Amino acid sequence: MHHFRYVGHNLQCESVDLAEVARLYGTPTYVYSAGTIADNYTRLKKSLDGVDAHICYAMKANSTLAILRHLANLGAAFDVVSGGELRRVLAAGADVSTSVFAGVGKTEEEIALALKEKIYAFHVESEPEMARINHVAGKAGVRAPIAIRVNPDVDAHTHAKITTGKSDNKFGVPLKVAPLAYEAAAKYPNLQIKGIQIHLGSQLTDVGPFVEAIKKLTPLILDLKTKYGLEYFSSGGGMGVVYREALASGATEWWDAQSAAQRPLTPEAYGAALVPLLKPLGVKVLLEPGRFLVGNAGVLLSRVEYLKRGQNKNFLIVDAAMNDLVRPAMYDAYHEIVPLHRDTSRPALVADVVGPVCESGDCFAKDRQLQQVGEGEYVAVLSAGAYGFTMASRYNSRPLAAEVLVKGSIYELIRPRETFEVMIAGERVPPFLK
Ligand SMILES: *Cc1c(COP(=O)(O)O)cnc(C)c1O
């Protein structure tokens, strides 16, 4: 369930009128619902009742400090993919010792930092990385806890740029060679075998690939448990959220609005299918959801600048752009776009919703039917809580957007809009140009 709904004519986040937020802080601005994140977290945790499950939030989805603090308060640990993310966990005042470190390109500095902060485990993606972690741990005089990421060669049926569990992409070691990889790991004096990990891809809307992967891995997990005292299995992230018809007429939650074909993977369905497979393994289970926890908990507020009427097409030009939210341009992603002030007496408008960036790809929606809106009015791009702000750039010298967190009837700026001075602060013109 998410907490964005119309009350009268106005779109609210929990008990806060979003137009008020837009007027106060300007646009483009991301707004997140603390209640939605808490509901998502609690619901997922509950769906795995009976299993010793631990949620490591994949913070690349949204790593703003307040969001991290909120999830840490709920009991989450973190799945980090860089030294920068690890330092963000520390900056948020959260605990690194229950968190895991993923990614194919960990540097020596990043490994040393994670060891110093007592990371729960490294998710190792290759043999050379294993050797490097062993080397860095040796220098530090410690044993590094590791899990090997195994690629189960399962088709997740998702977008090519976000599928990761097939044999032809860069992640993990193939299932066939996994036993050998563990034998190699056991021989390194400074490594301690802790777990095994998979991650199939992102925005999975069916539990089938998860089931298939766990069934494929079960004999190996049981074998590793006997041989090395394996402590945990991480089933990765990838649970999808709803992007289409997210706020369809009268619906109060994402799932109400769905036709059967579009029904997303609910935590209850995920738990019901997975618990019977996970429980007999008799090991701790880690989950690494990113999108599922925050995706439907955020919207991007934007102001209409112009309605440009063309011969064949209308363009609704808004002040948010691909630099703020790159998902439509990068993944052909669909996002619902709705007015902050809903007025059903107005005529409909069919338009491409575009930003001001000088790229044809700077388009949030093509031939979208919307309520007619004019200059100065606001719209919200829905389901923008995951892979929104974290993927933002300053392309076209546009400052990074502001971010606001809502909790009930209160809200707070959690990141002010970047100023021009901050944007150029680190730049230098060298003396030889002066
Ligand atoms: C990106 C990633 C996740 C999170 O993926 P979501 O689709 O956001 O749940 C989890 N684990 C690993 C290893 C990842 O790379």
Side-chain angles (χ1 to χ4, degrees), residues 37 40-41 43-45 47-48 53-64 67-68 71 76-82 84-86 89 99-106 110 114 119-126 129 146-152 154 156-166 169-173 195-207 209-210 213 217 232-243 264-267 270 274 285-298 326-327 330-331 333 383-391:
I37 295 173
N40 289 343
Y41 179 88
R43 202 170 155 193
L44 182 60
K45 187 84 171 66
S47 77
L48 287 147
H54 300 258
I55 294 178
C56 293
Y57 166 56
M59 62 183 277
K60 70 177 190 283
N62 186 328
S63 59
T64 302
I67 302 296
L68 301 184
L71 277 154
F78 300 92
D79 176 12
V80 309
V81 294
S82 71
E85 284 197 347
L86 198 146
V89 174
S99 296
V100 293
F101 193 161
V104 296
K106 301 173 192 79
E110 289 174 324
I119 194 94
Y120 178 63
F122 291 93
H123 287 172
V124 177
E125 304 246 11
S126 66
E129 183 193 331
I146 63 143
I148 295 175
R149 176 166 178 177
V150 174
N151 189 329
V154 165
H157 304 291
T158 186
H159 190 279
K161 283 185 189 157
I162 51 176
T163 190
T164 57
K166 285 287 287 171
N169 62 53
K170 70 181 177 183
F171 298 103
V173 306
I196 183 167
Q197 198 261 357
I198 57 168
H199 175 64
L200 304 179
S202 204
Q203 187 54 17
L204 274 68
T205 51
D206 175 25
V207 77
F210 289 108
L217 237 69
Y232 77 88
F233 164 60
S234 169
S235 62
M239 292 80 99
V241 300
V242 170
Y243 286 101
L265 181 52
T266 65
Y270 180 83
L274 264 52
V285 172
L286 265 51
L287 303 181
E288 303 162 2
R291 187 190 314 269
F292 173 78
L293 293 177
V294 294
N296 68 7
V326 79
R327 297 191 67 260
M330 187 154 167
Y331 307 117
S383 326
Y387 306 104
F389 189 92
T390 45
M391 295 181 85

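We number each residue from 1, following the sequence as shown. If you're wondering where the values come from, they're calculated on a predicted model, not measured in any experiment. Both ligands and their constituent atoms are indexed starting at 1 by order of listing.
Checking Ser234 against Glu288 by side-chain atom types alone, a donor-acceptor pair falls below 3.5 Å.
Using a 4.5 Å cut-off on side-chain heavy atoms (C-beta onward), Lys106 and Phe122 make contact. Residues Tyr120 and His54 are not in side-chain contact: their nearest non-hydrogen atoms beyond the backbone lie 4.5 Å or more apart.
Taking Lys60 as the reference, nothing meets the side-chain hydrogen bond (donor to acceptor under 3.5 Å, both in side chains) condition, with sequence neighbours excluded. In this structure, Tyr387 has no ring-ring contact (aromatic ring centres under 6.0 Å, His included) partners at least two apart in sequence or on a different chain. The ring-ring contact (aromatic ring centres under 6.0 Å, His included) test applied to Phe389 returns no partner, not counting sequence neighbours.
The protein residues lying under 4.0 angstrom from ligand 1, judged by non-hydrogen atoms, are Ala58, Lys60, Asp79, Arg149, Gln197, His199, Ser202, Gly237, Gly238, Glu288, Pro289, Gly290, Arg291, Tyr387.
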